[in-house]
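The next block holds one structure in the form of structure tokens; read it before the comments.
Small disclaimer: the values here were computed from a predicted structure and weren't measured.
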Amino acid sequence: MLLARVFAVAPLALVILALSGCSSWGCTDTTAERGKAGVRVQVVNTHGQPLGVTAAVVDWRLEPHPQVPSEGDRVHFRFRFDGADEYSGPAVDACAVDEERVALGCQTVYSSQAFGPADDPRTGDDWLAVEHPEQVAGVLLIPNDQSYYGRTCERDIKDGGGMHPPEPPSRGEQL
């Protein structure tokens, strides 16, 4: 008799747990495919859809950073975001690369960095530290929007999961 009651109540208990979000069966994290890096890119969301924003490297040069000149040359680059506003715009990874498009150093730049008192208020600048500055042949941008990552299943089993942007490139990775 007790066994019959357990079997009668068990499905109901499982339904309640699943509906309350206490079940891990439905949470899945996926990573978007990294887009093709370029000097000028159309920024895309995690599903590969264009956001209506173009990011571009305006120019770059090797020079010592003014705050730490003793550390030698770094890659000083200017970038531009067209189609973004200064509060809710996207972010992309910028990478210094060698002649074979191998990443020498990368970091994320935000469209909000490209707004302000400058000759062109949609242009910003940043610095990349690389181990061998003499190998730098250019700066490329990766089109995947990095501005929102969202919660992972590991951090929030109930409300996490879904599509996430790709990880930033590592040094030595070919773009």
Side-chain angles (χ1 to χ4, degrees), residues 29-152 154-155 162-175:
D29 287 311
T30 54
T31 302
E33 187 175 323
R34 182 179 297 145
K36 183 173 171 60
V39 173
R40 182 179 175 86
V41 297
Q42 290 289 324
V43 182
V44 297
N45 65 16
T46 54
H47 299 288
Q49 302 299 314
L51 297 178
V53 176
T54 301
V57 175
V58 177
D59 63 21
W60 67 274
R61 62 190 169 279
L62 295 175
E63 62 185 357
H65 191 289
Q67 294 176 336
V68 284
S70 63
E71 293 181 5
D73 282 345
R74 292 190 179 181
V75 181
H76 185 204
F77 68 102
R78 290 187 321 129
F79 57 91
R80 179 182 172 104
F81 282 87
D82 289 317
D85 64 53
E86 64 183 296
Y87 301 109
S88 62
V92 296
D93 288 324
C95 298
V97 297
D98 67 11
E99 290 181 7
E100 296 178 9
R101 298 174 59 106
V102 172
L104 303 173
C106 300
Q107 71 182 40
T108 304
V109 292
Y110 295 82
S111 62
S112 59
Q113 292 174 260
F115 286 89
D119 294 338
D120 181 350
R122 292 174 297 187
T123 301
D125 74 312
D126 213 333
W127 299 80
L128 290 165
V130 296
E131 204 169 310
H132 299 284
E134 70 280 0
Q135 294 177 354
V136 175
V139 176
L140 300 178
L141 303 175
I142 298 174
N144 304 85
D145 182 14
Q146 297 288 334
S147 65
Y148 176 76
Y149 190 78
R151 293 179 284 205
T152 62
E154 182 179 345
R155 295 186 81 203
M163 187 70 78
H164 302 286
E167 291 292 322
S170 301
R171 284 187 178 160
E173 194 171 333
Q174 186 155 18
L175 305 178

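- The side-chain contact (heavy atoms from CB on, under 4.5 Å) check on Q49 picks up N45, H47, with sequence neighbours excluded.
- Among residues two or more places apart in sequence or in another chain, the side-chain contact (heavy atoms from CB on, under 4.5 Å) test is passed with V130 by V75, A96, L104, P133, V136.
- Annotation for N144 and G35: closest pair OD1-N, 2.8 Å, computed over non-hydrogen atoms.
- Considering every non-hydrogen atom in both P169 and D93, the closest pair reads CD-OD2, 3.9 Å.
- Applying the ring pair (Phe, Tyr, Trp, His ring centres under 6.0 Å) rule to F77 yields the partners F79; only residues at least two apart in sequence or on another chain are considered.
- For the ring pair (Phe, Tyr, Trp, His ring centres under 6.0 Å) test, residues two or more places apart in sequence or in another chain that qualify with H65 are W127.
- Here the shortest heavy-atom pairing between P90 and V43 reads CB-CG1, 3.8 Å.
- Scored by the side-chain hydrogen bond (donor to acceptor under 3.5 Å, both in side chains) test, D82 finds R80 as partners (sequence neighbours excluded).
- More than 12 heavy atoms of other residues, nucleotides or ligands shown are found within 6.0 angstrom of CZ on R101.
- Remark: E63 engages R61, H76 in a side-chain hydrogen bond (donor to acceptor under 3.5 Å, both in side chains) (not counting sequence neighbours).
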Apply side-chain contact (heavy atoms from CB on, under 4.5 Å) to the pair E173 and E167, showing each step before the final yes or no. CA-CA 12 Å; E173 194 171 333; E167 291 292 322; over 6 Å; no
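- Among residues two or more places apart in sequence or in another chain, the side-chain hydrogen bond (donor to acceptor under 3.5 Å, both in side chains) test is passed with Q67 by none.
- Listed by chain and number, the residues in a salt bridge (Lys or Arg N to Asp or Glu O under 4.0 Å) with E71 are R74 (sequence neighbours excluded).
- In this structure E131 satisfies the side-chain contact (heavy atoms from CB on, under 4.5 Å) test together with R171, sequence neighbours excluded.
- Listed by chain and number, the residues in a side-chain contact (heavy atoms from CB on, under 4.5 Å) with V97 are C95, L140, L175 (sequence neighbours excluded).
- The nearest pair of heavy atoms linking P143 to Q42 is CB-O, 3.3 Å.
- Atom CD of E134 has more than 12 heavy atoms from other residues, nucleotides or ligands within 6.0 Å.
- Applying the side-chain hydrogen bond (donor to acceptor under 3.5 Å, both in side chains) rule to D126 yields the partners Q107, Q113; only residues at least two apart in sequence or on another chain are considered.
- Taking all atoms of both residues into account, the shortest heavy-atom contact from I142 to A37 is CG1-CB, 4.0 Å.
- The closest donor-acceptor contact from the side chain of D145 to the backbone of A91 lies under 3.5 Å.
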